[in-house]
Chemist: 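Encoded as C-alpha cells, here's the structure I'll be asking about.
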Amino acid sequence: IVNNGTYDNQAALPSACLDPAYPSIQQAVNGAAAGSTIYVCAGTYQQNVDVNKPLTIDGAGQGATVLEPSVSDPTGLTTVTNGFNFNSTVVLVGADDVSISNLTINGDNPTLTTGAVACDPEFAAYQADVGCNGVHFNAGAGIFTDQNSASFPIKGLSVSDMAIENVYYWALGSYGGTFDFTGNQVTRLGSYYGIGIFEDEASGIIADNNVSWAPVAIQANWNPTGALTVSGNRVTNSNWGIFVGNVGSSGSATTISGNSVGDCWGSTFFGSQRVLGISVFAPFSPVGVSHNDIVGCSTGLSTFASNGASAPLVTFSNNVVDGQNAANSIGVLVSTDKLGFTCGSSNVSLLGNVIERDTTGIYSDETNLENASDCSLPGGLTLSAHSNDIESNWYSDASGPLDATNNWWGCPSGPNTDHCTTITGNVTFTPWAKAPFPSEPPPSSGRPPHAGPPPHAGPPPHAQSPSHPGPPAPPH
C-alpha cells in the first residue's frame, strides 16, 4: 500500500491506506517482491517511476491517484543500448509482465518551474481550441518501455483504464516485445510530432482507447513477432488518426476494426499536411480494415504500396467515410507510391463501404503523389471494388482496367450521367447497382467524433516510413 498523505480527506480512504507500507511508488517498487500488487491510494505523487520487476500497479481511479513527473526535461533524449529513452518518462517499464491501471499521469507538474516547455509554436493557429495554452510540459513520455533494460524487449506490458495527459512527445508506447493497451484516455500532447499511442517492432492489442488532441493518435510501425489488433478506439482532433506502417513482417495479419476517427486537422493529403484518417503503409502481410467510421478527415482511408515480392491484400470492408463536403477531400486513396521510398505494388479490395460527401470518392494512383521523379509503377495496382455506395467521383491514373462492377454510384442511371458520379480513368463499372445497398449498423465499438489539431508530416523517421519529423526512432 502506498499513501503520501496528499489526498484532502484521508479519513475517507480505505482503511488500508491509513497504515501504508510506503510513502512513494518508487519505494514500493524497490521493496516489493516480483509478482506483487502495489495499490496506490488517492493522492498526487510527484516522481518518475522506474519499474524493474514484474509487478501490478493499481491506483484508486483516474483523477483520484495522480502521478506527475519530478524530472522536467520534455524534449531530451538519451541514446541507449537498443535505441533511446526520453529523459523524463513518467513510468519507465524495464521488466516483463508489468500491469498498470487506474491512475492519471499528468505531464504538467506545476511545482517544476524550470525546464518546462509550452505547446509547440507550430500549434499557434489552433492553440485556443486544443486548450494547451497555459499547460507547461515537463515529461517527454507518459508510459514507455526501457530500451536500455537487460530484459529488452519487454513482454507482457498491460496498461488499462489510465488517463494520460499533457505529455510532450509520446503518451503511451512499446518498442519491441508484446503489449495490451486497453480502455485508456489519452489527450493533449505538446509537440507538433506527438503520438498518443505508439508501438514499434512490437505486437499486441490497442483497443477501446479514447485519443484526442494528438497530432498522430495511434501509430504502429512493424510487428515482427506477432499479430496487431487496433479495435474499438475513438480518435478525435488528430492530423493522422490511425497509421500502421510496415506491419506483418512476421507473416501475421493486422486487423483494424470498429474504430471511430473524427474531425482530423488539416485540409488535404497533398503537400506537407498529409491528413490521414486510417492509413496502411507498405504492409508485408494482409491487412483488414473493417467497420470503421471516418468522419471529417480530408483523406478518409488510404493505402500506400507494399513490401515484399508479392503484394499482400489490403481489404477495406463495411467502413463509412464521410468527407462532410470539405474542399479537396478524398474518401479512399490507393497508391503504389511509398512517399519517398520509391514504389511497390498494391493489392486492394473495397467491399461494402459507404463513401460520401468527398470531392473525390476514390483516387487510384500508379505514378507518384508528390515527387515527379520519385515513383512510377504502371500496372502495379490491382484493385477490385464491389457492393459499395460511392456517391463521390473516382479519379484514376492507374493503367487498369480496375474492376469496379456492381457498385451504387449515386443514381440508377450509372456513372458519367447527369446527377451521378463521374469516373475518370480506366475503370470498369458495368454492370452497376440500381439502388443503394442496405447499410450496416454502426461500428460495434466505435464512437461518434469531435473537433481537430496541428499541421505536421507523419511518423518519426524510420526505415521505410513516410516523412514525419520527430524524435528519432531506434535503429534497425
Chemist: Could you check whether any side-chain heavy atom of V261 comes within less than 4.5 Å of a side-chain heavy atom of I242, counting everything from C-beta outward?
Modeler: yes

Chemist: Check whether T145 reaches the backbone of Y175 with its side chain - one donor and one acceptor, N or O, closer than 3.5 Å.
Modeler: yes

Chemist: For the residue pair F198 and W170, does the interplanar ring angle fall in the parallel (under 30°), tilted (30 to 60°) or perpendicular (over 60°) class?
Modeler: tilted

Chemist: When you compare the side chain of N406 with that of S387, does any pair of heavy atoms fall below 4.5 Å?
Modeler: yes

Chemist: Side chains of D200 and W222, heavy atoms from C-beta outward: is any pair under 4.5 Å?
Modeler: yes

Chemist: Would you say V427 and W394 make side-chain contact, with heavy atoms under 4.5 Å?
Modeler: yes

Chemist: Which one of L276, V235, V275 satisfies the side chain to side chain contact (heavy atoms under 4.5 Å, CB included) criterion with W240?
Modeler: L276

Chemist: Go through it in stages, so that I can follow the logic: the residues are F181 and L157, the test is side-chain contact (heavy atoms from CB on, under 4.5 Å), and I'd like the CA-CA distance, side-chain angles, deciding distance and then a yes or no.
Modeler: CA-CA 8 Å; F181 300 151; L157 173 60; 3.9 Å; yes

Chemist: Could you please spell out the steps behind the side-chain hydrogen bond (donor to acceptor under 3.5 Å, both in side chains) verdict for T104 and E165?
Modeler: CA-CA 8 Å; T104 290; E165 60 191 21; 5.9 Å; no

Chemist: Could you check whether any side-chain N or O of N184 sits under 3.5 Å from a backbone N or O of M162, counting only pairs where one atom can act as donor and the other as acceptor?
Modeler: yes

Chemist: Side chains of V348 and F316: does their closest heavy-atom pair fall under 4.5 Å?
Modeler: yes

Chemist: Between the side chain of S346 and the main-chain N/O of A305, is any donor-acceptor distance below 3.5 Å?
Modeler: yes

Chemist: For the residue pair D180 / T182, report whether a side-chain donor-acceptor contact shorter than 3.5 Å exists.
Modeler: yes

Chemist: Between the side chains of D108 and N166, is a donor N or O closer than 3.5 angstrom to an acceptor N or O?
Modeler: no

Chemist: May I ask you to check whether T428 and D403 show a side-chain donor-acceptor distance below 3.5 Å?
Modeler: no

Chemist: Given 3.5 Å as the limit, does a donor-acceptor pair link the side chain of T359 with the main chain of A326, or not?
Modeler: yes

Chemist: Which heavy atom of S279 sits nearest a heavy atom of F304, and at what distance?
Modeler: OG-CE1, 3.3 Å

Chemist: Does any non-hydrogen side-chain atom of I195 lie less than 4.5 Å from one of F243?
Modeler: no

Chemist: Using modelled atom types only, decide if a donor and an acceptor are shared between the side chain of W432 and the backbone of P412 within a distance under 3.5 Å.
Modeler: yes

Chemist: Please say which of D208, N319, N292 ends up in a side chain to side chain donor-acceptor pair (under 3.5 Å) with N259.
Modeler: N292

Chemist: Looking at every non-hydrogen atom in both residues, tell me the closest pair between S392 and R357 and how far apart they are.
Modeler: OG-N, 3.4 Å

Chemist: How close do Y169 and S191 get, heavy atom to heavy atom, and via which atoms?
Modeler: CE2-OG, 3.2 Å

Chemist: For the atom pair OG (S158) and CD1 (I100), what is the distance rounded to the nearest 0.5 Å?
Modeler: 8.5 Å

Chemist: If we only count heavy atoms from C-beta on, is the Q147 to T81 side-chain gap below 4.5 Å?
Modeler: no

Chemist: Can you see whether S335 engages D365 through a side-chain donor-acceptor pair at a distance of less than 3.5 angstrom?
Modeler: yes

Chemist: Classify the ring geometry of F84 against F86: parallel below 30°, tilted from 30° to 60°, perpendicular beyond 60°.
Modeler: perpendicular

Chemist: Roughly how far, to the nearest 0.5 Å, is CG of L383 from OG of S396?
Modeler: 8.0 Å

Chemist: Go through the steps to decide whether D418 and S413 satisfy the test side-chain contact (heavy atoms from CB on, under 4.5 Å), and finish with yes or no.
Modeler: CA-CA 8 Å; D418 286 345; S413 58; over 6 Å; no

Chemist: Using the side-chain contact (heavy atoms from CB on, under 4.5 Å) rule, take V186 and N209 through it: C-alpha gap first, then chi angles, then the decisive distance, then the call.
Modeler: CA-CA 8 Å; V186 176; N209 303 283; 5.9 Å; no

Chemist: Quick check against the 3.5 Å criterion: does N85 have a side-chain atom that pairs as donor or acceptor with the backbone of V80?
Modeler: no

Chemist: Answer yes or no: is there a side-chain heavy-atom contact under 4.5 Å between T315 and S290?
Modeler: no

Chemist: Determine, step by step, whether T424 and N393 satisfy the side-chain contact (heavy atoms from CB on, under 4.5 Å) criterion, reporting the C-alpha distance in whole Å, the side-chain angles of both residues, the deciding distance to 0.1 Å, and the verdict.
Modeler: CA-CA 8 Å; T424 303; N393 299 327; over 6 Å; no

Chemist: Measure the spacing between CG of N106 and CD1 of I164 and express it to the nearest 0.5 Å.
Modeler: 11.0 Å

Chemist: Between V93 and I154, what is the shortest heavy-atom contact and its length?
Modeler: O-CG1, 3.8 Å

Chemist: Backbone N or O of P215 within a donor-acceptor pair of the N239 side chain at under 3.5 Å?
Modeler: no

Chemist: Where is the tightest heavy-atom contact between F179 and E199, given as atom of each residue plus distance?
Modeler: CE2-CB, 3.7 Å

Chemist: Apply side-chain hydrogen bond (donor to acceptor under 3.5 Å, both in side chains) to T229 and S231, showing your working.
Modeler: CA-CA 6 Å; T229 298; S231 66; over 6 Å; no

Chemist: Judged by atom type as modelled, is there a donor-acceptor pair below 3.5 Å linking the side chain of D322 to the main-chain atoms of Q324?
Modeler: yes

Chemist: Can you tell me how far OH of Y363 sits from OG of S302, rounded to the nearest 0.5 angstrom?
Modeler: 13.5 Å

Chemist: Search all heavy atoms of D397 against all heavy atoms of E366 and return the closest pair with its distance.
Modeler: OD1-N, 3.0 Å

Chemist: Starting at CZ of F281, measure out to CG of L339 and round the result to the nearest 0.5 Å.
Modeler: 5.5 Å

Chemist: Let me confirm one number: the CD1-CD1 distance from I355 to I362, rounded to the nearest 0.5 Å.
Modeler: 4.5 Å

Chemist: I'd like to know if the side chain of N407 reaches the main chain of A404, judged simply by a donor and an acceptor atom lying under 3.5 Å from each other, with no hydrogens or angles considered.
Modeler: yes

Chemist: V289 pairs by side chain to side chain contact (heavy atoms under 4.5 Å, CB included) with which of N353, V280, T254?
Modeler: V280

Chemist: Under a 3.5 Å distance rule, please check whether S260 uses its side chain to pair with a backbone N or O of R234 as donor and acceptor.
Modeler: no

